[in-house]
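Worksheet: one structure, shown below.
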Amino acid sequence: MSENRNRIIIAGTGSGAGKTTVTIGLMAALKRRGLRVQGFKCGPDYIDPTYHTAVTSRPPCNLDTWMLPYDIMREIFLRASEGADLSVIEGVMGLYDGKDPLSNTGSTAEISSLLESPVILVVNAQSMARSAAAVVLGYQKLDESIRIAGVIVNKCGSKGHYQLVKAAIEQECGIPVVGWLGRDEGLSIPERHLGLVPAIERGELDGLFERAADLIEGGVDIELVLSLAGTAPALAWPKERLFTGGPHQNPGPAIAVARDAAFNFYYRENLELLEQFGARLVYFSPLAGDTVPGDADGVYLGGGFPEEFAAELAADQRVKRDLQARVQEGLPIFAECGGYMYLTRSITDRAGAAHAMVGLIPADVTMQDKLAALGYREATALQDCLLMEAGEVIRGHEFHYSKLTADQENYPYLYETKGLRGTGLEGYHSENVMAGYTHLHFASNPNVAERFVQRCLQYSRKRGEASGTV
């Protein structure tokens, strides 16, 4: 079965070309027209999708062709875009940048190819005129199967400059330049730091979105963009689907998910798969002083920015003692990146101050000014653990500025991870704790989500037997 999905990819010639500004402005301008817009982000990114959600009022969604099988990526797109008038897909880095410098693997171009989606290429035209055509022509020629349907030129010095660039590109490349943005137009995307997500949720960036919409409406032919998006062919659903369409009819164990300004990095599909396999999700905020809900049969501590709230998290002894006690009772807990850091003995912030954390993991974390890890990871379980069997593989990514120093003697590493720069040991495991820096995508190995739910169910039954309620 095939379905029509109007769609357009906003890709850049590289990071910093302006694709995020164009994407947000286009979404806001389309919403002004009363259109239902679904946002997508190519690659493993948690921050940009929060902007998309704030603008469109629809749940965020990532598309990734390295972490996920192609059919699952396409299924995710078709599910999330249902009911939308248009899907706007923001690219990652440059159009052809992905996991492999010698192929399109994991790139925006690969997603364009698999979704048969037209691309609008955002080009920084500063200090260029005819040369801008050479840039666009190079992107067209590198892979002629990728349909670059139009161009938006950014950082033009004036309307006259834009007209020069437009004429050159349209003559040499045979595609329309659908619009432009000038320089220093008072639009600045805030720094991606702590507080960003709560600020978006409170509507404090509405002025930014309105300004972005004004700029797009003033310089971009929106009707032409809509027309190009409408040329995308119908897409066929995969023959076999991973997602059944909703939560399990008879929810089983309760999994408590930490969600606040310190812990908020979750793939939507991870949570949906837990529900699909029978979990009932409940949310709590360690930062706000919430202890683990009493009926919880498991805990999912996602990534985020615990280092920015280290003093507050350290001061709340009640929350830390409760988590220690619950884990000692056998409560299963899975933690990623920020959640992993929170479970260690301490986090030392950039100012050099050490803050005591939960203390379940015999390691300490130190924040650095330079990036400690970035990129895709293929993680292989070193032995049987909470969610995986020995030798089992799952895919994800790392992105953090902190360094973890583990106790050297018999530290129970969780994974062997493989990335662009080789292999390494990572993470921690005990009988009922599994934690690591790698952000896992459960859809790359759904057995992990199912096993999490089953372990929580086992804990629930044991607890019931101990209390005499079952």
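Sequential numbering from 1 along the given sequence is applied to the chain's residues.
Looking at heavy atoms from C-beta onward, Ser81 lies in side-chain contact with Phe40 at the 4.5 angstrom threshold. Residues Met357 and Met341 fail the side-chain proximity criterion, which asks for heavy atoms closer than 4.5 Å. Contact check for Glu269 versus Leu68: no side-chain heavy atoms found under the 4.5 Å cut-off. Between Glu116 and Arg7, some side-chain heavy-atom pair lies under the 4.5 Å cut-off. Looking only at side-chain heavy atoms (C-beta outward), Val453 and Glu450 stay at 4.5 Å or farther from each other. Under the 4.5 Å side-chain criterion, counting only non-hydrogen atoms from C-beta, Glu90 is in contact with His52. Between Pro44 and Trp66 the shortest side-chain heavy-atom distance does not fall below 4.5 Å. At a threshold of 4.5 Å between non-hydrogen side-chain atoms, the residues Asp349 and Glu307 do not count as touching.
Between the side chains of Tyr51 and Thr23, no donor-acceptor pair of N or O atoms lies under 3.5 Å. No hydrogens or angles considered: nothing links the side chains of Thr417 and Glu378 as a donor-acceptor pair under 3.5 Å. A donor-acceptor contact under 3.5 angstrom links the side chains of Asn104 and Asp143, judged on distance only. Under the 3.5 Å distance criterion, with hydrogens and angles disregarded, no donor-acceptor pair is assigned to the side chains of Glu75 and Trp237. Side-chain atoms of Asp260 and Tyr283 include no donor-acceptor pair closer than 3.5 Å. Looking only at atom types and distance, the side chain of Lys31 has a donor-acceptor partner in the side chain of Ser57 under 3.5 Å away. Side-chain contact annotation: Asn264 with Tyr46, donor-acceptor N/O pair under 3.5 Å absent. Under the 3.5 Å distance criterion, with hydrogens and angles disregarded, no donor-acceptor pair is assigned to the side chains of Thr56 and Arg36. No side-chain donor from either of Thr423 and Glu416 sits under 3.5 Å from a side-chain acceptor of the other.
Side chain of Asp85 to main chain of Val37: no donor-acceptor pair is present (N/O by atom type, distance under 3.5 Å, no hydrogens or angles). For the pair Arg211 (side chain) and Gly25 (backbone), a donor-acceptor distance under 3.5 Å is absent. At least one donor-acceptor pair closer than 3.5 Å links the side chain of Thr53 to the backbone N or O of Arg58. The main-chain N or O of Gly174 is never found under 3.5 Å from a side-chain atom of Gln140 such that the two would form a donor-acceptor pair. Using modelled atom types, no side-chain atom of Arg183 and backbone atom of Gln126 make a donor-acceptor pair closer than 3.5 Å.
Screening Val123, Asn124, Leu181 against Lys155 for a side-chain contact (heavy atoms from CB on, under 4.5 Å) leaves a single residue, Asn124. Partner of Thr344 under the side-chain contact (heavy atoms from CB on, under 4.5 Å) criterion, out of Val365, Leu360, Thr405: Val365 alone.
Annotation: the span from Leu226 atom CG to Leu30 atom CG amounts to 5.5 Å, rounded to 0.5 Å. To the nearest 0.5 Å, atom OG1 of residue Thr380 and atom CG of residue Leu414 are 10.5 Å apart. For the atom pair NZ of Lys166 and CD1 of Ile152, the computed distance is 11.5 Å after rounding to the nearest 0.5 Å. Remark: Ile120 CD1 to Ile175 CD1 distance equals 10.0 Å, nearest 0.5 Å. Here the straight-line distance linking atom CZ of Phe334 with atom SG of Cys385 works out to 9.5 Å at 0.5 Å rounding.
Nearest heavy-atom pair across Met388 and Glu392 is CE-O, 3.2 Å. In terms of heavy atoms, Pro306 sits closest to Gly338 at CG-O, 3.4 Å. Nearest approach of Phe77 to Ile89, heavy atoms of both residues: CE1-CD1, 3.9 Å. Residues Met67 and Gly396 approach most closely at SD-CA, 3.5 Å, considering heavy atoms. Listed here is the closest heavy atom pair of Ile76 and Cys61: CG2-SG, 3.4 Å. Of all heavy-atom pairs between Ile169 and Val153, the closest is CD1-CG1, 3.9 Å.
Enclosure of atom CZ in Arg350 by more than 12 non-hydrogen atoms of other residues, nucleotides or ligands within 6.0 angstrom is indicated. Other residues, nucleotides and ligands contribute more than 12 heavy atoms inside 6.0 Å of the CZ atom of Arg5.
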task = Could you walk me through whether Arg79 and Glu82 pass the salt bridge (charged side-chain N to carboxylate O under 4.0 Å, His left out) test, one step at a time?
result = CA-CA 6 Å; Arg79 289 179 73 239; Glu82 189 168 1; over 6 Å; no
ask   = Between Glu110 and Tyr96, does a side chain to side chain donor-acceptor pair (under 3.5 Å) hold up when you go through it step by step?
value = CA-CA 8 Å; Glu110 186 173 42; Tyr96 294 106; over 6 Å; no
message = Using side chain to side chain donor-acceptor pair (under 3.5 Å), reason through Glu336 and Tyr437 one step at a time and then give a plain yes or no.
response = CA-CA 6 Å; Glu336 295 177 311; Tyr437 269 124; over 6 Å; no
request  = Step by step, work out the ring-ring contact (aromatic ring centres under 6.0 Å, His included) result for Tyr413 and Tyr428.
outcome  = CA-CA 5 Å; Tyr413 283 105; Tyr428 168 91; 9.3 Å; no
task = Determine, step by step, whether Tyr300 and Tyr266 satisfy the ring-ring contact (aromatic ring centres under 6.0 Å, His included) criterion, reporting the C-alpha distance in whole Å, the side-chain angles of both residues, the deciding distance to 0.1 Å, and the verdict.
result = CA-CA 10 Å; Tyr300 187 178; Tyr266 299 96; 4.9 Å; yes
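A centroid separation of 6.0 Å or more is found between the aromatic rings of Tyr376 and His397. Between Phe305 and Phe265, a ring centre-to-centre spacing shorter than 6.0 Å is recorded.
The stretch residues 360-371 participates, sequence neighbours left out, in these side chain to side chain donor-acceptor pair (under 3.5 Å) pairs: Arg345-Asp364, Ser346-Asp364.
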